[in-house]
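Report on the structure given below.
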Number of protein chains: 4
Amino acid sequence: MTKSRLEAFSDGVIAILITIMVLDLKMPEREPAWTWRAVLDTGIVSRLWMYVLSFVYLGIYWNNHHHLLQRTESVSGGILWANLDLLFWLSLFPFATGWWGENHFATVPTAVYGVVLLCAAIEYFVLQWVIVARQGPDSALARALGSDWKGKLSPLLYAAAIGLAFVSRWVALGIYIAVALIWLVPDRRLERGFGA
Amino acid sequence: MTKSRLEAFSDGVIAILITIMVLDLKMPEREPAWTWRAVLDTGIVSRLWMYVLSFVYLGIYWNNHHHLLQRTESVSGGILWANLDLLFWLSLFPFATGWWGENHFATVPTAVYGVVLLCAAIEYFVLQWVIVARQGPDSALARALGSDWKGKLSPLLYAAAIGLAFVSRWVALGIYIAVALIWLVPDRRLERGFGA
Amino acid sequence: MTKSRLEAFSDGVIAILITIMVLDLKMPEREPAWTWRAVLDTGIVSRLWMYVLSFVYLGIYWNNHHHLLQRTESVSGGILWANLDLLFWLSLFPFATGWWGENHFATVPTAVYGVVLLCAAIEYFVLQWVIVARQGPDSALARALGSDWKGKLSPLLYAAAIGLAFVSRWVALGIYIAVALIWLVPDRRLERGFGA
Amino acid sequence: MTKSRLEAFSDGVIAILITIMVLDLKMPEREPAWTWRAVLDTGIVSRLWMYVLSFVYLGIYWNNHHHLLQRTESVSGGILWANLDLLFWLSLFPFATGWWGENHFATVPTAVYGVVLLCAAIEYFVLQWVIVARQGPDSALARALGSDWKGKLSPLLYAAAIGLAFVSRWVALGIYIAVALIWLVPDRRLERGFGA
């Protein structure tokens, strides 16, 4: 029962985060007449794409979190707090996305977006580690995770992107998109390993 | 269990969307004294009606989504992502509604509202298709859906409305209202087909 | 199962409404130094009391809705839509509260607040009526509701308050507070009638 | 079942509160170019730390609320309303945090933050007391709570901090942080007492 409430709370927070980002999608003040050209000049298209990227990232976290908790047998205080840590970093997505969007891919906001991605990835790793530690290295979960190359590679790529943002923010953006694509394939390991 | 978490997450997102639209219902800055006339001059009445329309649309999606998932036996990665796609397009309702409302039925916002409706309808169709594909053409769900004329007609009507918005936005608005009315009758097929 | 999803969705919407009202509690722009006097001059205290009033009203609706659905045996399409109607009117609470608060109990906003209260009360009555109609006049729910004098008296009082707001908004405010106090006693009928 | 809906509603409200605080984390209007120095000048770092503090506090409340309700056997009207009272005070966290953050630890906002902490702590105490009163002084819950020194000490420390804010707001801030650290250790009493 503890677990179901943890899932419900996490779902609630992620559901709110994934939707309040849309509150930043605001058109500038009313013009005498909107034309397609005027719409494009507001930069709404690039903001929409950033929203898509963050939506996909939060969707990935929800998806993987869902699979991870499904394989979790019991919940300890440590798991509760590791989970809250993860939710904290996810909660910065709307802020990072909104600020990035307002500044049309400027360098510092691009790097800050990467910092949020990096910290969230590390926290997810910690949460996973706490759960695996509780269930033992021979547990079904530990075997299903295997080498977890995605989980180990992502933080490295984010860290690289943060540095590369100062060379070219397009490279950083490319890396963020690439990592999202790597994860978009849902965590088949967990599905497959248990025939779910 | 997977299914119940998918339902809970979708409910959470739709519940948030249906309520944050109200955040855009703001009166302009304080006047020395509000009269009924001053209230009408703010255009709040037309914004309220747009809010009603979007509220009804999200209610329809929630309702149909609810019936669809009730007949879904198991959840795959494909269903998870088709569901997230649908939620993404639904999440643009507050943006599209707010922008439309601020511009008093201007042409381009009217068309953009139709684009959001169209994409959401297509994604719902895809979600339904993924679920039916998984359960087989002879499944109870497939039989209950039948010809699904509503699901096929709606995107065509939305597409027509987007084009017609440039002729007369009132025609487009009329089509959006008409489609909502078509759907307001809850999906009796699914209820009837299963005696629910 | 249908019922539990209806409850979950309604809870989600009411939980969001009860919390987003707080987004309107904003202090004006930063001053060089805040003193208690400066705080009082912002009118935050009267806004806080309005927030309390709306919070209590939404709490009452959640509470009564909770008892009502607990006694509901099955959910029909009509109940789903009556419930959405109720949620729609409840969703106007943040708007009505925020506007009222910004205008320090001005006449028209006071009356509009009453209109929202009135419509929500009527919709609750309709929802209750739809559920009772489905379960029959001899059902335990119908007997537990009894004469439902609170449910019948409240709309009359709200209607009176809307008219009286134009004579004195303090009378209207007094009526809103009085009706809340009448309801603050949770619906003992339902609790008692079933030994819950 | 009543209890599960109470938990779900409380979880929903706390999940929303913990995430809408992030809506106040907004960067000022766009500058020609963001540098790290420009970011620091916005005071975003101190606002982030305040957000962290409030996030931790809400996390603590969620965590303890979760343990408390897990040990609650049945729900009465009094518990419902004591719970709503607690949620009301928690709902003022985003307001108090946002205002505090905008004013860079000014004296009056620092004290107001303490008032919200104090009232929430008192309401939690009341909720706990109502539940214990219902289950009897010999119940497992009452024994597990024991002397409840944390619950009794916290309000005293908050009250002290409110007064000390007028001497030095750093002392007040230090006390808020210290109390959070005291609670960060999850309520082992309840976990231990029941082998959960």
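Just so it is clear, the values below take in all heavy atoms, side chains as well, and ignore hydrogens, waters and symmetry mates. Throughout, protein chains are lettered first and strands after them, A, B, ... in sequence-line order, and every chain is numbered starting at 1.
With a 4.5 Å cut-off on non-hydrogen atoms, D/Leu23 touches chain A through its side chain but not through its backbone. Only the side chain of A/Ile16 has a heavy atom closer than 4.5 Å to any heavy atom of chain D. At a 4.5 Å heavy-atom cutoff, the contact between A/Leu87 and chain D is made by backbone and side-chain atoms alike. The contact between A/Phe166 and chain D is made entirely by side chain atoms (from C-beta outward), counting heavy-atom distances below 4.5 Å. Of the atoms belonging to A/Ser91, heavy atoms from both backbone and side chain fall under 4.5 Å from chain D. With a 4.5 angstrom heavy-atom cutoff, A/Ala15 does not touch chain D via any of its atoms.
Within the model, atoms CZ of A/Phe95 and CD1 of D/Ile44 stand 4.0 Å from one another, a figure rounded to the nearest 0.5 Å. Put simply, CG on A/Asp11 and CG on D/Asp11 are 11.0 Å apart, with the number rounded to the nearest 0.5 Å.
You'll find the side chain of D/Ile18 stays beyond 4.5 Å of the side chain of A/Phe88, heavy atoms only. A/Val112 has its side chain out of reach of D/Val39: every pair of non-hydrogen atoms, C-beta onward, lies at least 4.5 Å apart. The side-chain heavy atoms of A/Trp99 and D/Leu25, taken from C-beta on, include no pair separated by under 4.5 Å.
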Evaluation steps, side-chain contact (heavy atoms from CB on, under 4.5 Å), between A/Trp81 and D/Ile60: CA-CA 9 Å; A/Trp81 283 104; D/Ile60 289 167; 3.7 Å; yes

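In this pair, A/Phe9 and D/Trp62 present their aromatic rings parallel. The plane angle is below 30°, not in the 30 to 60° band.
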